[in-house]
Asks: 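Here it is, the structure, as structure tokens.
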Amino acid sequence: MSLTQLFAEIERQEWIDLPEGWLQGRTIYGGLAAGVLMHKALVTLNDATKQLLSCSITFIGPVQAGKARLTAEVLRQGKSVTTLEVRLWQHDAVQTILVASFGTLRDSNIQVHHEPTLPDYPPAEQLHPLPFAKMMPECYRHFQLRWAEGAYPIAGSSKPDFGGWARFDPEQYHNRDLSYADFLILTDIWPPGVLPMFKQLAPASSLTWHLTFVRPIQQQRLDWFKYKVVTEYADHGYSTEYAHVWDHQDQLIAICRQTVTIFA
């Protein structure tokens with residue numbers, strides 16, 4: 001099943017079929033779960049005048065391919081901002097929750113553009129592709145990644161963090177306007193910032209993921225996006241990190257923050 005078909009199911013019905021081919025360890029790829037919930041939020045909102053301001057996803061339990069139920073509730077609809085909660089259910093239990101706030105952009109006298117230093121990476125086309133290896137989750141087959149900074153995952157590095165470029169694989173996906181659901185599916189493909197420090201394969205997964213959108217999304221689905229992650233603290237089996245995402249024209253799009261569970 002393609003993402004287009006999956007999104008069409010979400011628009012028509014409460015029960016959907018999560019497709020095969022997206023595994024990440026023992027669960028469906030978290031970015032797919034987040035994207036499914038976001039598309040449900042967009043369908044429920046049904047208001048093109050409101051842009052996504054922020055969203056928070058909590059990954060509660062493992063999600064499997066197959067039947068899943070999506071429920072959505074508008075928590076508050078104000079003059080400028082609408083906040084929704086969407087839940088993904090399997091086996092009569094909530095497995096993933098998304099809370100998203102959409103707002104109408106307004107003129108303001110307050111403007112602060114204290115943006116992070118833009119990483120000076122070579123163009124994606126000049127970098128070697130990240131090859132698919134047997135140990136990698138199957139969800140990586142849907143994307144193209146180009147490492148530009150830092151060590152690869154499971155390199156036994158003394159330092160965390162990395163940066164590079166990512167996009168949907170153009171051999172599998174056609175181009176069209178990028179949606180917020182697409183953006184979540186793509187951006188979560190980057191592993192946790194501590195993964196280069198792993199000396200051998202071990203589980204690590206997002207517990208919470210928060211994104212703040214600096215600019216409205218106006219890109220195409222096959223565009224490259226630049227990513228850089230910074231780990232702030234890691235100990236006792238958990239880490240906290242932040243990341244920035246820029247488009248191919250070096251415009252800052254989103255600021256991300258994650259809490260990650262670590263089993264290494």
Side-chain angles (χ1 to χ4, degrees), residues 1-48 50-52 54-75 77 82-102 137-143 166-169 171-190 205-211 213 217 220-222 254 258:
M1 177 189 291
S2 69
L3 287 182
T4 300
Q5 293 170 319
L6 179 59
F7 288 169
E9 268 198 4
I10 295 169
E11 294 163 14
R12 293 193 308 265
Q13 57 204 46
E14 187 176 81
W15 282 91
I16 62 170
D17 278 301
L18 294 173
E20 303 281 350
W22 287 89
L23 275 180
Q24 186 179 39
R26 64 190 182 98
T27 182
I28 284 286
Y29 166 54
L32 181 65
V36 162
L37 292 174
M38 177 54 66
H39 194 72
K40 179 69 172 181
L42 292 166
V43 171
T44 304
L45 177 71
N46 193 27
D47 187 349
K50 291 187 175 179
Q51 304 291 332
L52 180 60
S54 68
C55 64
S56 294
I57 303 102
T58 299
F59 301 97
I60 300 168
V63 178
Q64 306 301 320
K67 292 292 183 183
R69 184 165 67 99
L70 303 179
T71 59
E73 179 183 0
V74 177
L75 301 179
Q77 186 163 352
T82 299
T83 300
L84 303 91
E85 181 187 78
V86 187
R87 297 186 173 199
L88 188 154
W89 300 72
Q90 277 190 330
H91 311 298
D92 296 322
V94 177
Q95 306 293 358
T96 312
I97 296 175
L98 176 142
V99 176
S101 294
F102 298 82
E138 64 182 8
C139 58
Y140 276 85
R141 295 182 183 273
H142 296 269
F143 309 96
R167 69 172 176 177
F168 283 93
D169 184 353
E171 294 187 2
Q172 301 185 62
Y173 293 89
H174 67 272
N175 211 9
R176 59 165 170 74
D177 290 342
L178 187 82
S179 72
Y180 286 109
D182 294 327
F183 184 88
L184 294 187
I185 293 171
L186 173 63
T187 302
D188 196 43
I189 195 57
W190 292 103
S205 59
S206 300
L207 181 61
T208 61
W209 188 28
H210 180 83
L211 298 92
F213 286 83
I217 285 182
Q220 297 291 298
R221 184 162 65 168
L222 295 184
Q258 288 198 72

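When a residue number appears, it is its place in the shown sequence, counting from 1.
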Asks: Between Phe183 and Phe213, is the ring centre distance below 6.0 Å?
Replies: yes
Asks: Please check if the side chain of Ser179 supplies one atom and the backbone of Asp182 the other of a donor-acceptor pair under 3.5 Å.
Replies: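 Between the backbone of Asp182 and the side chain of Ser179 there is a qualifying donor-acceptor contact (under 3.5 Å).
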Asks: Would a distance-only check, ignoring hydrogens and angles, find a side-chain to backbone donor-acceptor pair under 3.5 Å from His210 to Ile57?
Replies: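 Not at all, since once roles are kept as given, no pair shorter than 3.5 Å links the two residues.
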Asks: Nearest 0.5 angstrom please: Leu184 CG to Met38 CE, how far?
Replies: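 Atom-to-atom, Leu184:CG and Met38:CE are 5.0 Å apart.
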Asks: Side chains of Thr58 and Thr208: is there a donor and an acceptor less than 3.5 Å apart?
Replies: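 Thr58 vs Thr208: no donor-acceptor pair found between side chains.
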Asks: Please report the interatomic distance SG(Cys55) to CG(Leu211), rounded to the nearest 0.5 Å.
Replies: 4.5 Å
Asks: Between the side chains of Asp169 and Arg141, is the shortest nitrogen-to-carboxylate-oxygen separation below 4.0 Å, so that they form an ion pair?
Replies: no
Asks: Of the non-hydrogen atoms in Ala65 and Ile28, which two are nearest, and what is the gap between them?
Replies: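 Taking every non-hydrogen atom into account, N-CG1, 3.7 Å.
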Asks: More than 12 non-hydrogen atoms from neighbouring residues, nucleotides or ligands closer than 6.0 Å to CZ on Arg12, yes or no?
Replies: yes
Asks: Counting N and O atoms only, with roles assigned by atom type, does the side chain of Asp177 sit under 3.5 Å from a partner on the main chain of Gln220, one being a donor and the other an acceptor?
Replies: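 No, because the side chain of Asp177 does not come within donor-acceptor range (under 3.5 Å) of the backbone of Gln220.
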Asks: Does the side chain of Thr71 come under 3.5 Å of the side chain of Trp89 through a donor N or O and an acceptor N or O?
Replies: yes
Asks: Where is the tightest heavy-atom contact between Tyr140 and Ile189, given as atom of each residue plus distance?
Replies: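 Residues Tyr140 and Ile189, closest heavy atoms: OH-O, 3.2 Å.
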Asks: Hey, does the side chain of Arg221 reach the backbone of His174 with a donor-acceptor pair shorter than 3.5 angstrom?
Replies: yes
Asks: Would you find a donor on one side and an acceptor on the other, under 3.5 Å apart, between the side chain of Asp188 and the backbone of Gly31?
Replies: yes
Asks: With rounding to the nearest 0.5 Å, note down the distance linking CG in Leu222 to CG in Leu178.
Replies: 9.5 Å
Asks: Please check: side-chain N/O of Glu9 versus main-chain N/O of Asp17, any donor-acceptor pairing under 3.5 Å?
Replies: yes
Asks: Quick one: does His142's side chain have a donor or acceptor within less than 3.5 Å of a partner on Gly21's backbone?
Replies: yes
Asks: Distance alone, cut at 3.5 Å: any donor-acceptor contact between the side chains of Tyr180 and Gln51?
Replies: yes
Asks: Does the Glu11 side chain pair with the main chain of Lys40, one donor and one acceptor, at a distance under 3.5 Å?
Replies: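 Checked: no pair found.
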Asks: Do the non-hydrogen side-chain atoms of Leu84 and Val99 ever get within less than 4.5 Å of each other?
Replies: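 No. Closest side-chain heavy atoms not under 4.5 Å.
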Asks: Name the orientation class of the two ring planes belonging to Phe59 and Trp209 (parallel below 30°, tilted from 30 to 60°, perpendicular beyond 60°).
Replies: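 Judged by the thresholds at 30° and 60°, the geometry between Phe59 and Trp209 is parallel.
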Asks: Closer than 3.5 angstrom, by distance alone: can the side chain of Gln95 be matched with the main-chain N or O of Arg87 as a donor-acceptor pair?
Replies: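 No.
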Asks: Could you tell me the separation between the OG1 atom of Thr82 and the CG atom of Asn46, rounded to the nearest 0.5 Å?
Replies: 11.5 Å
Asks: Look only at the side chain of Gln13 and the backbone of Trp15, and say whether a donor-acceptor pair between them is shorter than 3.5 Å.
Replies: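 Confirmed, Gln13 side chain pairs with Trp15 backbone.
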Asks: Which heavy atom of Gly30 sits nearest to which heavy atom of Gln24, and what is that distance?
Replies: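 That closest heavy-atom pairing would be N-OE1, 3.4 Å.
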